[in-house]
Amino acid sequence: MMELKVLGCAMLFPLQIFVCVLRAAVRLLTRQKRRDMGADVVLITGGGRGIGRHLAKEFAKQGAKKVILWGRTEKCLKETCDEISLTGTECYYFVCDVGNREEVYQQAKVLREKVGDVTVLVNNAAVVHGKSLMDSDDDALLKTQHINTLGQFWTTKAFLPRMLELRNGHVVCINSILSLSSIPGAIDYCMSKASSYAFMESLTLGLLDCPGVGCTTILPFHTDTEMFQGMRLRFPKLFPPLNPEMVAQRTVDAVRTDTAFVVLPWTMHFLVILKSLLPQSALEEIHKFSGSYTCMKTFKGRT
């Protein structure tokens with residue numbers, strides 16, 4: 001009897017995969033029902049500048065009830081908070097270093113008491129030092145891992161339990177295409193983003209049986225912000241940096257449609273496929289041809 005059951009499952013498996021692919025194709029071709037954000041309280045880490053600032057503006061534009069900003073620089077946080085408040089959306093900011101576990105837990109407690117339960121957590125905070133392993137300071141390497149990777153552990157542990165209780169929540173990670181295809185000169189960043197991707201992949205699968213709670217991971221190509229200022233590819237017109245406003249728009253839309261993974265631009269899917277098919281020597285030639293092999297030599301971004 002057991003053997004027949006296993007055989008039946010094995011025969012149905014290809015059909016199940018086909019149905020999943022068909023559903024994904026339909027999602028791409030049709031307009032999906034979108035989440036009404038009128039009751040959502042959105043927390044954005046690294047929300048004072050760069051993509052974080054654009055995310056705050058886009059969530060407010062799409063009707064979020066409250067937007068909360070976390071970051072390390074009060075001046076930037078206040079400026080963004082004032083800008084969002086002028087649109088009519090309630091906005092608050094708290095100085096918080098997500099790489100500091102105790103600070104995250106303490107500020108999460110303060111936030112819940114002053115503002116309420118967070119229903120959308122956007123892990124956006126990140127740093128990059130733009131150096132090779134041998135040129136990197138040990139403390140700088142640790143800082144990258146604490147903020148880019150471990151910070152997600154602390155924020156998610158702080159807010160996910162309540163989302164599960166409410167059966168209402170979404171965890172978002174602003175990752176990078178470098179988590180899937182690394183480059184020289186940013187070894188700390190690439191490692192941290194690869195770890196972050198694995199964290200989100202595991203979390204997404206772990207929440208499959210948790211109604212009302214979802215995950216979204218955004219994997220953008222080089223984005224035109226001061227974080228990666230000076231980074232130069234060989235063919236800038238062929239590989240132009242992404243517009244941060246567009247990244248923010250696609251992120252918020254992915255949250256509203258409960259889309260798990262988004263690669264920006266979509267052409268980067270080919271890079272992932274090539275990595276699975278080509279030998280290492282061919283991949284090295286692609287890096288040299290595109291200029292990604294040396295793109296960090298002109299890096300002048302902020303940390």
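The first residue of the sequence shown is numbered 1, and numbering continues consecutively from there.
- Looking at M37 and V252, their side chains come closer than 4.5 Å, going by heavy atoms from C-beta outward.
- Summarising the geometry of V262 relative to R250, their closest heavy-atom pair is CG1-NH2, 3.8 Å, with the distance given to 0.1 Å.
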Inset, instruction - Go through the steps to decide whether K66 and Y92 satisfy the test side-chain contact (heavy atoms from CB on, under 4.5 Å), and finish with yes or no. - result: CA-CA 8 Å; K66 300 176 183 178; Y92 306 84; 4.3 Å; yes
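- The main-chain N or O of L141 is never found under 3.5 Å from a side-chain atom of S136 such that the two would form a donor-acceptor pair.
- Note: the hydrophobic cluster containing M191 does not contain V128 (ILVMFWY, side chain heavy atoms under 4.5 Å, direct or indirect links).
- Heavy-atom contacts from other residues, nucleotides or ligands closer than 6.0 Å to CD of E245 number more than 12.
- Nearest heavy-atom pair, F94 versus V110, reported as atom, atom and distance to 0.1 Å: CE2-CG1, 4.0 Å.
- The NE2 atom of H146 sits 11.5 Å away from the NZ atom of K143 when rounded to the nearest 0.5 Å.
- In this structure, I177 CD1 and L219 CG are separated by 5.5 Å, a value rounded to the nearest 0.5 Å.
- Distance alone, capped at 3.5 Å, is enough to place a donor-acceptor pair between the S179 side chain and the S176 backbone.
- Following chains of ILVMFWY side-chain contacts shorter than 4.5 Å, one cannot reach I183 starting from I286, and the two form parts of different hydrophobic clusters.
- Here the shortest heavy-atom pairing between S85 and C91 reads OG-CB, 3.8 Å.
- The other members of the hydrophobic cluster of L277, by chain and number, are I273 (side-chain heavy atoms under 4.5 Å, ILVMFWY only).
- Nearest heavy-atom pair across D188 and H129 is OD2-ND1, 3.1 Å.
- Evaluation of the ring-ring contact (aromatic ring centres under 6.0 Å, His included) test over residues 44-66, restricted to residues two or more places apart or in two chains, returns none.
- A pairwise comparison of heavy atoms in M200 and C215 identifies CE-CB, 4.0 Å as the closest pair.
- No hydrogens or angles considered: a donor-acceptor pair under 3.5 Å links the side chains of T216 and H170.
- Here I44 contributes atom CD1 and I51 contributes atom CD1; the two are 11.5 Å apart, rounded to the nearest 0.5 Å.
- The heavy-atom pair separating A56 from L69 by the smallest distance is CB-CD2, 3.7 Å.
- The pair D117-R162 meets the salt-bridge criterion, with a side-chain N (NZ, NE, NH1 or NH2) lying under 4.0 Å from an Asp/Glu carboxylate O.
- A heavy-atom distance below 4.5 Å is not found between the side chains of I174 and N123.
- Within a 6.0 Å radius of CD1 in I147, other residues, nucleotides and ligands contribute more than 12 heavy atoms.
- Taken to the nearest 0.5 Å, the CG atom of L86 stands 9.5 Å off from the SG atom of C81.
- Side-chain contact of T225 with T223: a donor-acceptor pair under 3.5 Å is absent, judged by distance alone.
- For the 3.5 Å distance criterion, the side chains of Q106 and E102 fail to qualify, holding no donor opposite an acceptor.
- We find the CG-OG1 distance between L43 and T155 to be 7.5 Å, quoted to the nearest 0.5 Å.
- Side-chain atoms of Y105 and K157, non-hydrogen and from C-beta on, do get closer than 4.5 Å to each other.
- Between the side chain of E79 and the main chain of G48, no donor-acceptor pair closer than 3.5 Å is present.
- The closest donor-acceptor contact from the side chain of E103 to the backbone of D97 lies under 3.5 Å.
- Judged by distance alone, with hydrogens and angles left aside, the side-chain atoms of N124 form a donor-acceptor pair with the main-chain N or O of T45 at under 3.5 Å.
- Side-chain contact, T257 with R34: no donor N or O sits under 3.5 Å from an acceptor N or O.
- With respect to R49 and E226, a salt bridge is recorded, a charged nitrogen being found less than 4.0 Å from a carboxylate O.
- Checking side-chain atoms of S290 against main-chain N and O of H287 turns up a donor-acceptor pair under 3.5 Å.
- Going from atom OH of Y189 over to atom OG1 of T149 covers 10.5 Å, rounded to the nearest 0.5 Å.
- Remark: E83 engages K57 in a salt bridge, criterion side-chain N to carboxylate O under 4.0 Å.
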Inset, instruction - Check the pair F159, R112 against side-chain contact (heavy atoms from CB on, under 4.5 Å), reporting the backbone distance first and the verdict last. - result: CA-CA 9 Å; F159 297 105; R112 279 190 291 269; 4.0 Å; yes
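- Listed by first then second residue, pairs satisfying side-chain hydrogen bond (donor to acceptor under 3.5 Å, both in side chains) with a partner in residues 190-200 read N148-S192, Q152-S196, N175-S196, not counting sequence neighbours.
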